[in-house]
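Scroll down for the structure; my scribbles are underneath it.
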Amino acid sequence: MTISGHTNTAELSLRSDLLGHRLALRGNLPGAAENMVLECTPGERFGLRGPGTIDWVAAQGLAVPAAVNTAELSSCGTTVLRLGQQEVLLTAPLGDGGQRLRDLRQAWHDDPGPAKGFDAYRDEGWAWFVVSGPEAPTLMRRTSMADLGPKNLAVNDVAQTRALHLDVVIARLDRFGAVSYDIFLDIASAKFALDVLEETARELDAGFRVSALRTAA
């Protein structure tokens, strides 16, 4: 997935809330029985790649997945997705203000070490959706070329695959006490991805609600 050059904070704020205006806003997390598509793009995330990435992440006390295409939840609530031998995506807990992740980003910027990875600009370059609920696997099967049901994608597994007619990164993290999937994709395709998710959810007629998660910082 290609990523554009760095933008300033004001530009990031405008770009990361591309979809909030067209969705009902939700300020609380769903329950296990709710079938939900949540648009979470403004949520805090931070990507690193290149030499030194894994050692730097481990030095911050974060849980580093042992294998590529797996995820681990750190004690501070930060989820670490390992996308390559020296590539990670760090995400803040949904509904959290994201201060821990902002502190980690600042620590990375301030670190004078020569090998700490490079900023992959995942905060500004990727959109973020979460599909959750009893019928989440059914929706994911309808939108992906691969079967991402529970038998094929275990908890904390990551798939770099095709879904929503796009290249995506999908992590099964089972949030909210339900089967759930975090979906990351090029932000330039966010509106198209939302169209596909909304249409598929309607076709399933399983009571899916599509909302923009905008919890208080």
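Positions are given from 1, in the same order as the sequence printed here.
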Could you tell me whether the side chain of R141 reaches within less than 4.5 Å of the side chain of N152, counting heavy atoms only? no
CH2/W108 to CG/D103 distance, rounded to the nearest 0.5 angstrom? 15.5 Å
Worked verdict on T161 versus V168 for side chain to side chain contact (heavy atoms under 4.5 Å, CB included): CA-CA 6 Å; T161 185; V168 299; 4.0 Å; yes
Out of L104, D96, L73, which residue meets the side chain to side chain contact (heavy atoms under 4.5 Å, CB included) rule with T78? L104
Taken to the nearest 0.5 Å, the spacing of D174 CG from Y181 OH works out to 7.5 Å
Indicate if L83 and V57 have the same hydrophobic cluster label, given that clusters are the connected sets of ILVMFWY residues with side-chain heavy-atom separations under 4.5 angstrom. no
Backbone of V196 reached by a side-chain donor or acceptor of T200 within 3.5 Å: yes
Whether E135 side chain and F208 backbone form a donor-acceptor pair below 3.5 Å: no
Heavy-atom nearest pair, P134 first then A32, reads CD-O, 3.5 Å
Less than 4.5 Å apart, any side-chain heavy atom of F176 and any of M36? no
What verdict does the side chain to side chain contact (heavy atoms under 4.5 Å, CB included) test give for V130 and L213, after you've listed the backbone C-alpha separation in whole Å, the side-chain angles of each residue and the deciding distance to 0.1 Å? CA-CA 10 Å; V130 174; L213 184 66; over 6 Å; no
Distance-only, no hydrogens or angles: does the E34 side chain make a donor-acceptor pair with backbone N or O of G133 under 3.5 Å? no
Please check if L139 and L166 belong to a single hydrophobic cluster, counting links between Ile, Leu, Val, Met, Phe, Trp and Tyr side chain heavy atoms closer than 4.5 Å. yes
Side chain to side chain contact (heavy atoms under 4.5 Å, CB included) evaluation trace for W126 with L89: CA-CA 11 Å; W126 281 2; L89 174 66; 3.9 Å; yes
Does one hydrophobic cluster hold both I170 and V68, with members joined at side-chain heavy-atom distances below 4.5 Å? no
Any chance you could measure F184, atom CZ, to D167, atom CG, to the nearest 0.5 Å? 15.5 Å
CZ on R105 to CG on L90, rounded to 0.5 Å: 9.0 Å
Would you confirm whether T41, through its side chain, and W128, through its main-chain N or O, come within 3.5 Å as a donor-acceptor pair? yes
Using a strict cut-off of less than 4.0 Å between a Lys/Arg side-chain nitrogen and an Asp/Glu carboxylate oxygen, indicate whether D182 and R175 qualify as a salt bridge. yes
hydrophobic_cluster_shared for F192 and L185, side chain cutoff 4.5 Å: yes
So, taking the atom named CD in E39 and the one named CG in L197, what distance separates them when rounded to the nearest 0.5 Å? 10.5 Å
I187 to E124 - nearest heavy-atom pair and separation: CG2-O, 3.5 Å
Just by distance, do the side chain of R172 and the backbone of L153 share a donor-acceptor pair under 3.5 Å? yes
Sub-4.5 Å side-chain heavy-atom contact between V64 and R82: yes
For atom CG of D205, is the number of surrounding heavy atoms from other residues, nucleotides or ligands below 6.0 Å larger than 12? no
Start with the C-alpha gap between L194 and V210, add the side-chain angles, then the distance that decides, and say whether side chain to side chain contact (heavy atoms under 4.5 Å, CB included) holds. CA-CA 9 Å; L194 179 58; V210 184; 3.8 Å; yes
So if you build clusters from Ile, Leu, Val, Met, Phe, Trp, Tyr with side-chain heavy-atom gaps below 4.5 Å, do V131 and V155 land together? no
Report the C-alpha separation of R45 and D123 in whole Å, then their side-chain angles, then the decisive distance to 0.1 Å, and conclude whether the salt bridge (Lys or Arg N to Asp or Glu O under 4.0 Å) test is met. CA-CA 5 Å; R45 57 199 175 283; D123 50 352; over 6 Å; no
All heavy atoms of R26 vs all of S211, minimum pair found to be CB-CB, 3.9 Å
Can a donor-acceptor pair be found, under 3.5 Å and without considering hydrogens, that links the side chain of E72 to the backbone of V80? no
Could you tell me how the ring of W56 sits relative to the ring of F46: parallel (under 30°), tilted (30 to 60°) or perpendicular (over 60°)? perpendicular
When you compare the side chain of V88 with that of L48, does any pair of heavy atoms fall below 4.5 Å? yes
Whether D195 and R22 form a salt bridge (side-chain N of Lys/Arg under 4.0 Å from carboxylate O of Asp/Glu) is what I want to check. yes
So do L94 and L29 actually touch side chain to side chain, heavy atoms under 4.5 Å? yes
Kindly give the heavy-atom pair with the smallest separation between G149 and P137, and that separation in Å. CA-CB, 4.3 Å
Please name the pair of heavy atoms, one in G50 and one in F118, separated by the smallest distance, quoted to 0.1 Å. CA-CD1, 4.3 Å
Value for CG (L173) from CG (L81), rounded to nearest 0.5 Å, stands at 6.0 Å
Is S144 reaching over with its side chain to a backbone N or O of A146, donor-acceptor style, under 3.5 angstrom? yes
Exam field: side chain R102 to backbone G97, donor-acceptor pair closer than 3.5 Å: yes
For the residue pair R49 and A120, what are the closest heavy atoms and their distance? CD-CB, 4.0 Å
Could you tell me whether the side chain of R122 and the main chain of G125 form a donor-acceptor pair under 3.5 Å? no
